[in-house]
Chemist: 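Mind looking over this structure? Questions follow.
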2 protein chains.
Amino acid sequence: MRTVEKALRLLDFFTDKRVEIGLSDLARLSGIDKATVLRMLADMAECGFVEQNPETRRWRLGAGVLRLARLREHAQPVTRVLTPILEKLAQETGETAHASLLSGRDLANIGVIEPARANRVYIEPGLVLPLHATASGIAVTAFLRPEQQERVLARTLTAVTGMTPTSRAALEQVVRRTRERGYAVADQTFEAEVYGIAVPIFGPDGYAAGALAVAIPASRASDEHERKIIAALEPAAQSATTGLGGRPSPEHRISS
Amino acid sequence: MRTVEKALRLLDFFTDKRVEIGLSDLARLSGIDKATVLRMLADMAECGFVEQNPETRRWRLGAGVLRLARLREHAQPVTRVLTPILEKLAQETGETAHASLLSGRDLANIGVIEPARANRVYIEPGLVLPLHATASGIAVTAFLRPEQQERVLARTLTAVTGMTPTSRAALEQVVRRTRERGYAVADQTFEAEVYGIAVPIFGPDGYAAGALAVAIPASRASDEHERKIIAALEPAAQSATTGLGGRPSPEHRISS
DNA sequence: AAACGTCGGTGTATATAATGAACCGGCGAG
DNA sequence: CTCGCCGGTTCATTATATACACCGACGTTT
């Protein structure tokens with residue numbers, strides 16, 4: 001398999017909870033030989049992607065990623081554009097709002113705003129959202145270019161919870177419904193007790209580039225609450241699309 | 001040579017000015033064969049590090065770097081800690097203040113604040129600062145762990161301007177002076193017309209992890225201005241060190 | 001319109017660089 | 001003292017990266 005990809009995939013094992021990882025742990029997690037992992041880490045360290053804690057000898061993400069993020073943000077200020085939109089969304093709905101962008105085969109969460117209330121959904125920063133198992137992912141998949149959509153549908157779909165669609169037929173149906181309604185819902189398909197509602201953000205080519213979503217405790221799900229959230233999501237996604245230089249798809253229209 | 005490192009080095013060709021790069025351009029810039037570059041880009045795209053503009057087919061940094069940066073920032077909020085310090089520094093000195101961290105073999109600029117005045121130094125976001133050619137780099141080098149310092153001194157030093165120290169002896173002398181004074185100055189060693197003054201930020205191990213610096217137009221350099229800047233830099237670097245969980249080096253003391 | 005240069009991308013034989021099992025010294029627990 | 005695991009190193013094997021030649025498409029120049 002390709003060496004570069006294997007090396008970069010190592011970085012995906014760093015999460016909110018797992019900030020530092022030892023060599024043997026990372027070898028176990030990835031299923032790659034220790035010696036190979038070490039060489040990859042050393043290579044990535046030379047470039048500043050990871051760094052080694054001199055005391056514990058464990059590895060963590062390096063300052064190089066901050067540099068690259070600043071460069072990208074300077075070229076296209078997504079965080080700057082999306083943050084105020086998310087804030088308004090969280091305030092209007094009283095629920096956790098988040099935004100994510102297509103990143104490789106999956107969706108990368110790149111912004112979360114939580115509401116002031118106590119009972120709210122917590123979303124880990126920098127989380128990877130599988131396309132088939134989240135409201136955001138479905139919203140994006142439904143408005144992807146046909147070839148890319150086909151690639152997603154053809155995947156082996158892993159179940160994250162008992163509610164995750166795992167067959168191609170089930171996913172196709174959810175996608176079809178999403179295209180009809182213009183928004184996606186996901187009832188505990190990614191995490192128990194969490195209900196997600198998402199709308200796509202479009203790129204300059206008129207295909208989905210990401211999604212704007214609201215996550216609520218499943219216990220609060222109701223038709224009325226959902227209508228209110230969708231009413232807030234629609235204009236938010238509109239301004240996100242135009243704010244990022246995108247062009248709305250002619251095939252996208254919200255209808256409940 | 002190592003494939004992973006070669007691939008990651010491709011990302012360093014993206015700058016403030018060069019936001020998108022075509023395949024042939026990148027092959028020329030890097031000196032690597034087109035076919036190889038394409039495979040590396042494809043691998044990195046799978047992981048979200050780069051993405052291809054569907055219209056122009058040129059490549060740019062992907063959303064994955066934003067995700068990783070958020071993750072690192074969540075684990076250790078360097079930007080949050082350093083921004084207010086830089087703002088105060090820029091305001092007190094009336095000059096451009098910036099911060100950088102060790103990242104691989106070099107220093108990565110991860111924050112810049114410009115003062116309100118018209119004649120000020122502009123520093124590109126996400127710039128890579130060579131250790132031997134900038135005030136920040138010298139400040140860091142002077143307080144590195146001995147083995148690492150040796151590696152820097154042993155390098156072949158490339159001249160960036162006519163003023164860049166290029167011999168080991170010259171660099172050693174600058175480093176020695178910096179250790180004595182506790183701060184580094186660089187008179188147009190990296191860019192013409194720019195005079196830099198920098199102080200190290202220390203990591204938990206008591207060695208340099210980065211630097212805080214003030215860049216001024218060379219025309220404004222004077223002993224008095226320099227004294228004022230150093231007086232502002234010292235407490236700023238102190239709070240940066242402690243704010244990032246570092247421990248000041250016992251060997252570091254400012255003395256002019 | 002023909003000829004040319006350049007673009008992004010592909011196929012394939014070759015050679016180089018990645019691989020993984022065995023091994024090391026160090027360290028903490030039992 | 002022994003055991004097990006840690007991070008790290010070594011080296012023969014082989015799988016993988018590489019670069020050359022080539023493709024069709026596009027835009028300029030002649």
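Just so we're on the same page: letters track the sequence lines, and every chain starts at 1.
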Chemist: Can you tell me if A:Thr189 uses its side chain to pair, donor with acceptor, with the backbone of A:Ala133 under 3.5 Å?
Modeler: yes
Chemist: Under 4.0 Å between a side-chain N/O of B:Arg57 and OP1 or OP2 of C:dG9, yes or no?
Modeler: yes
Chemist: Take atom CG of B:Leu41 and atom P of D:dT18, then tell me their distance rounded to the nearest Å.
Modeler: 12 Å
Chemist: Suppose we screen for ring-ring contact (aromatic ring centres under 6.0 Å, His included). Which residues come up paired with A:Phe49, at least two apart in sequence or across chains?
Modeler: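 B:Phe49.
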Chemist: For B:Ser24 and C:dT6, is the shortest distance between a side-chain N/O and OP1 or OP2 below 4.0 Å?
Modeler: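 Checking B:Ser24 against C:dT6: no side-chain N or O falls below 4.0 Å of OP1 or OP2.
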Chemist: A:Arg58 near the nucleic acid: base, sugar-phosphate alone, or nothing, with a heavy-atom cut-off under 4.0 Å?
Modeler: nothing
Chemist: Do side-chain atoms of A:Arg70 reach the backbone of B:Ile110 as a donor and acceptor pair under 3.5 angstrom?
Modeler: yes
Chemist: Just how far, in rounded Å, is C1' of D:dC20 from CG of B:Leu38?
Modeler: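 Atom-to-atom, B:Leu38 to D:dC20, this comes out as 15 Å.
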Chemist: A:Arg28 side chain N/O closer than 4.0 Å to the phosphate oxygens (OP1, OP2) of D:dG7?
Modeler: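 No.
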Chemist: Donor-acceptor check, side chain of B:His98 to backbone of B:Gly111, threshold 3.5 angstrom: yes or no?
Modeler: no
Chemist: Without swapping roles, check the side chain of B:Glu73 against the backbone of B:Thr79 for a donor-acceptor pair under 3.5 Å.
Modeler: yes
Chemist: More than 12 foreign heavy atoms under 6.0 Å from CZ of B:Arg177: is that the case here?
Modeler: no
Chemist: Can you tell me how far C1' of D:dC6 sits from CG of A:Leu26, to the nearest Å?
Modeler: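 Taking CG of A:Leu26 and C1' of D:dC6, I get 14 Å after rounding.
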Chemist: Within the distance-only criterion (no hydrogens, no angle test), does the side chain of A:Arg18 pair as donor or acceptor with the backbone N or O of A:Phe13 below 3.5 angstrom?
Modeler: yes
Chemist: Take B:Lys34 and A:Trp59, find for each the nucleotide of DNA chain D with the closest heavy atom, and name the residue whose nucleotide sits nearer the 5' end.
Modeler: A:Trp59
Chemist: When Watson-Crick pairs (N1 to N3 and N6-O4 or O6-N4) and G-U wobble pairs (N1-O2 and O6-N3) count only below 3.5 Å on both distances, what is the dot-bracket string of DNA chain C, with | for other-strand pairs?
Modeler: ||||||||||||||||||||||||||||||
Chemist: Check nucleotides 16-20 of chain C against the protein and report each pair of N or O atoms closer than 3.5 Å, with its distance, or say if there are none.
Modeler:
from	atom 1	to	atom 2	distance (Å)
C:dA17	OP1	B:Met1	N	2.9
C:dA17	O5'	B:Met1	N	3.4
C:dA18	OP1	B:Thr3	N	2.6
C:dA18	OP1	B:Thr3	OG1	2.5
C:dT19	OP1	A:Lys6	NZ	2.8

Chemist: Please, which pairs that meet side chain to side chain donor-acceptor pair (under 3.5 Å) have at least one residue in residues 131-144 of chain A, sequence neighbours excluded?
Modeler: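 Sorted result for residues 131-144 of chain A: empty, none.
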Chemist: Which residues, if any, of residues 44-55 of chain B bring a heavy atom under 4.0 Å of DNA chain C?
Modeler: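 Residues of residues 44-55 of chain B that come under 4.0 Å of DNA chain C are, in numerical order, B:Gln52.
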Chemist: Ignoring hydrogens and geometry, is there a side-chain-to-backbone donor-acceptor pair from B:Ser249 to B:Glu251 under 3.5 Å?
Modeler: yes
Chemist: May I have the list of side-chain donor-acceptor pairs in residues 155-162 of chain B shorter than 3.5 Å, sequence neighbours left out?
Modeler:
from	atom 1	to	atom 2	distance (Å)
B:Arg155	NH2	B:Arg105	O	2.6
B:Thr161	OG1	B:Met163	N	3.0
B:Thr161	OG1	B:Gln188	O	2.7

Chemist: Hey, is the main chain of A:Leu61 close enough, under 3.5 Å, to the side chain of B:Arg72 for a donor-acceptor pair?
Modeler: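 Looks like yes, one N/O pair under 3.5 Å.
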